[in-house]
Amino acid sequence: MSDLIECHEAGRGSTGTELFIVEGESAAESVSAVRNDHHQAVLGLQGKIRNALTSSAEKVLADPQCAALIGTLGAGHGSQINPADCRYE
């Protein structure tokens with residue numbers, strides 16, 4: 001389970017945007033209540049995320065938490081990564 005609480009300014013080339021990554025829905029709701037919703041997004045991940053350093057690319061991409069994080073960032077992965085496409089600064 002992963003829930004993104006988006007900010008208004010997020011998108012390719014956005015400046016001044018931040019992504020807070022927290023564990024669980026209740027933490028995401030708590031952080032969301034005190035954030036600046038124009039520039040700060042919150043991604044609530046459930047449980048421990050896979051260690052990408054010690055896992056194969058296939059296992060990382062198959063992991064729902066890793067996939068949610070990669071998709072949320074929007075910069076791609078592997079040889080297709082492009083930092084300029086990242087949705088958050």
Item to complete: Run through Leu61, Ile81, Asp63 and flag the one making a side chain to side chain contact (heavy atoms under 4.5 Å, CB included) with Ile70.
Response: Leu61

Worksheet item: With ILVMFWY side chains joined below 4.5 Å, transitively, what does Leu53's cluster contain besides itself?
Response: none

Worksheet item: What are the two closest non-hydrogen atoms of Leu4 and Arg87, and how far apart are they?
Response: CD2-NH1, 4.2 Å

Discussion item. Once side chain to side chain contact (heavy atoms under 4.5 Å, CB included) is applied, do any residues pair with Ser30, and if so which ones, sequence neighbours excluded?
Written reply: none

Worksheet item: Gln65 and Leu45: which non-hydrogen atoms are nearest, and at how many Å?
Response: OE1-CD2, 3.2 Å

Discussion item. Please enumerate all residues that pass salt bridge (charged side-chain N to carboxylate O under 4.0 Å, His left out) together with Glu23, with sequence neighbours excluded.
Written reply: none

Worksheet entry | Separation between CZ of Arg50 and OG of Ser55, rounded to the nearest 0.5 Å | 4.5 Å

Show the atom names and distances, to 0.1 Å, of all donor-acceptor pairs under 3.5 Å that link a side chain in residues 72-80 to residues at least two apart or in another chain.
{"from": "Thr72", "atom 1": "OG1", "to": "Ala68", "atom 2": "O", "distance (Å)": "2.7"}

Discussion item. Working note: Leu69 + Ile21, criterion side chain to side chain contact (heavy atoms under 4.5 Å, CB included); need CA distance, chi angles, decisive distance, verdict.
Written reply: CA-CA 9 Å; Leu69 182 56; Ile21 303 169; 3.6 Å; yes

Worksheet item: Closest approach of Glu6 and Arg35, non-hydrogen atoms and distance?
Response: O-NH1, 3.2 Å

Fill in: Pair listing, ring-ring contact (aromatic ring centres under 6.0 Å, His included) test, anchored in residues 32-63, at least two apart
His8-His38

Discussion item. Whether the side chain of Thr17 engages the backbone of Glu9 through a donor-acceptor N/O pair (distance < 3.5 Å, no angle test) should be reported.
Written reply: no

Discussion item. Please give me the minimum heavy-atom distance between Ala28 and Gly44, naming the atom from each residue.
Written reply: CB-CA, 4.1 Å

Worksheet item: Is Phe20 isolated, or which residues cluster with it under the ILVMFWY side-chain rule of less than 4.5 Å, directly or via members?
Response: Ile5, Val22, Val31, Val42

Discussion item. Quick one, Asp37 and Cys7 - any side-chain contact, counting heavy atoms below 4.5 Å?
Written reply: no

